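Since the structure comes first, as structure tokens, the remarks are kept for the end.
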There are 2 protein chains.
Amino acid sequence: MFSKSCKYAIRAVLYLALHADSEANIGVKEIADRLDVPKPFLAKILQQLSRYQLISSVKGPNGGFFMSTENMREPLRKVVECMDGPEVFSSCILGLPVCSSQNPCPLHTQAFIFREGLLKVVGSKSVAELARQVSDEGLKL
Amino acid sequence: MFSKSCKYAIRAVLYLALHADSEANIGVKEIADRLDVPKPFLAKILQQLSRYQLISSVKGPNGGFFMSTENMREPLRKVVECMDGPEVFSSCILGLPVCSSQNPCPLHTQAFIFREGLLKVVGSKSVAELARQVSDEGLKL
DNA sequence: ACTAAAAAAGATAAAAAACTCTTTTTTTCT
DNA sequence: AGAAAAAAAGAGTTTTTTATCTTTTTTAGT
Ligand code: FES
Ligand code: FES
């Protein structure tokens with residue numbers, strides 16, 4: 001489903017949303033350590049997220065990453081699409097050139113239900129909402 | 001979700017189930033042409049499926065692949081697991097080391113529902129049943 | 001027995017994904 | 001101004017996946 005980059009990105013964004021307050025930015029090192037992902041690889045991912053304005057960064061000493069209010073308002077879906085492209089939620093699970101309910105593949109019905117459910121979560125909930133849920137329900141990152 | 005090998009495998013098995021009768025075996029070429037997948041790659045995949053006794057083959061002139069009665073009785077799940085390993089249906093969608101409802105990731109609930117739905121289809125229905133459904137409902141391969 | 005057709009096996013190649021290293025830029029602090 | 005910290009940028013490496021090519025084995029038909 002998701003590439004590793006994408007998985008790391010989702011977890012990193014939620015980590016940032018949970019731990020970055022306006023005071024202290026968070027460096028790649030901390031995130032990489034806490035999420036147990038390769039640091040230089042994560043750095044690249046954060047770079048890209050930053051380019052697409054899904055997270056914010058400041059350079060220099062005491063610099064690092066954080067989530068602006070606008071960042072927090074974005075749906076997680078944008079993070080996913082930033083990493084894996086927009087096709088993730090619309091491509092056929094069997095790799096057929098088009099996925100359509102008019103001309104479905106044998107697994108379409110199930111796959112479709114799933115994608116819709118997932119879209120409901122990552123598409124309609126903001127990073128802020130999801131982060132709250134993570135902390136309220138003690139979900140794992 | 002599925003690797004390309006796995007997608008090709010699923011489609012190839014269903015194609016065989018639909019088109020191979022006891023009279024005429026089907027060669028790699030025909031399947032590759034019809035499903036529009038690279039022939040030598042598909043050959044490797046069929047080889048593996050054959051090794052795991054999920055499809056049957058005969059060598060020599062007029063040889064090719066076909067589905068034995070036993071092959072037809074297997075759930076499609078075996079095909080998936082033969083290609084992508086047994087973890088596909090139990091691993092965390094965010095790549096966390098374990099997926100568990102006790103200690104879920106933020107997307108667990110949705111992912112779990114999906115996997116169960118998919119498992120219901122590929123795990124409980126035999127290739128024969130699925131193939132029938134494909135032909136009855138005019139599904140695409 | 002010989003030929004040809006087909007899969008099996010094995011070796012290789014190309015492309016993509018995952019990961020790392022090095023240099024540059026920006027910025028803070030002394 | 002200079003040193004140091006941190007991200008940005010760019011180049012490079014490794015691993016995995018996808019795909020291809022070549023040789024061998026099996027077998028049917030002549
Ligand atoms: S057609 Fe295959 S998932 Fe929709
Ligand atoms: S814990 Fe992530 S999918 Fe179950």
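Because the structure is predicted, anything quoted here is derived from the model rather than measured.
In this structure, A/Tyr8 reaches the C/dC19 phosphate: one of its side-chain N or O atoms is under 4.0 Å from OP1 or OP2. Distances shorter than 4.0 Å separate some side-chain N or O of A/Ser57 from OP1 or OP2 on D/dA8. OP1 or OP2 of D/dT17 has not a single side-chain nitrogen or oxygen of B/Ser5 nearer than 4.0 Å. Between B/Ser50 and C/dA7, a side-chain N or O to OP1/OP2 separation shorter than 4.0 Å is absent. Distances shorter than 4.0 Å separate none of the side-chain N or O atoms of B/Lys29 from OP1 or OP2 on C/dA6. OP1 or OP2 of C/dC29 sits under 4.0 Å from a side-chain N or O of A/Asn62.
Among the heavy atoms of the strands lying under 4.0 Å from B/Pro38 are primed sugar atoms or P, OP1, OP2 only; no base atom is included. Here B/Gly63 lies in heavy-atom contact (under 4.0 Å) with sugar-phosphate atoms only.
Note: NZ (B/Lys59) to P (C/dA5) measures 17 Å, nearest angstrom. When the P atom of D/dT17 is taken as reference, atom CZ of B/Phe2 falls 16 Å away, rounded to whole Å. Distance CG (A/Asn25) to P (C/dT27): 13 Å, rounded to an integer number of Å. One can place CG of B/Leu42 at 15 Å from P of C/dA6, the figure rounded to the nearest angstrom. Distance CZ (B/Arg51) to P (D/dT25): 16 Å, rounded to an integer number of Å. Between the P atom of D/dA6 and the CD atom of A/Gln47 lies a distance of 16 Å, rounded to the nearest Å. Here the C1' atom of nucleotide D/dT18 and the NZ atom of B/Lys39 are 17 Å apart, to the nearest Å. Atom CD in B/Glu30 sits roughly 17 Å away from atom P in C/dA5 (whole-Å rounding).
Between B/Phe114 and A/Phe114, the ring planes lie parallel to each other; the angle is under 30°, not in the 30° to 60° tilted range.
Between A/Ser3 and A/Val58, the residue anchored nearer the 5' end of DNA chain C, judged by the nucleotide with its closest heavy atom, is A/Ser3. Each of A/Phe41 and A/Pro61 lies near DNA chain C, and the nucleotide nearest A/Phe41 is the one positioned closer to the 5' end.
A donor N or O paired with an acceptor N or O is found under 3.5 Å between the base of D/dA9 and the side-chain atoms of A/Lys44.
The listed nucleotides are C/dT20, D/dA19, C/dA18; the one nearest the side chain of B/Lys4 is D/dA19. When distances run from any side-chain atom of B/Phe65 to the nucleotides D/dA8, D/dC21, C/dA7, the shortest one goes to C/dA7.
For A/Glu116, the CD atom sits in a packed shell: over 12 heavy atoms of surrounding residues, nucleotides or ligands are nearer than 6.0 Å. Residue A/Asp36 places its CG atom among 12 or fewer non-hydrogen atoms of other residues, nucleotides or ligands, all under 6.0 Å distant.
Applying the salt bridge (charged side-chain N to carboxylate O under 4.0 Å, His left out) test to every pair with at least one member in residues 80-95 of chain B, sequence neighbours left out, gives these pairs: B/Arg77-B/Glu81.
Side-chain heavy atoms closer than 4.5 Å link hydrophobic residues (I, L, V, M, F, W, Y) into clusters, and following such links, even through other members, never connects A/Ile55 to A/Val58.
Between the CZ atom of A/Arg34 and the CG atom of A/Leu141 there is a distance of 11.5 Å, given to the nearest 0.5 Å.
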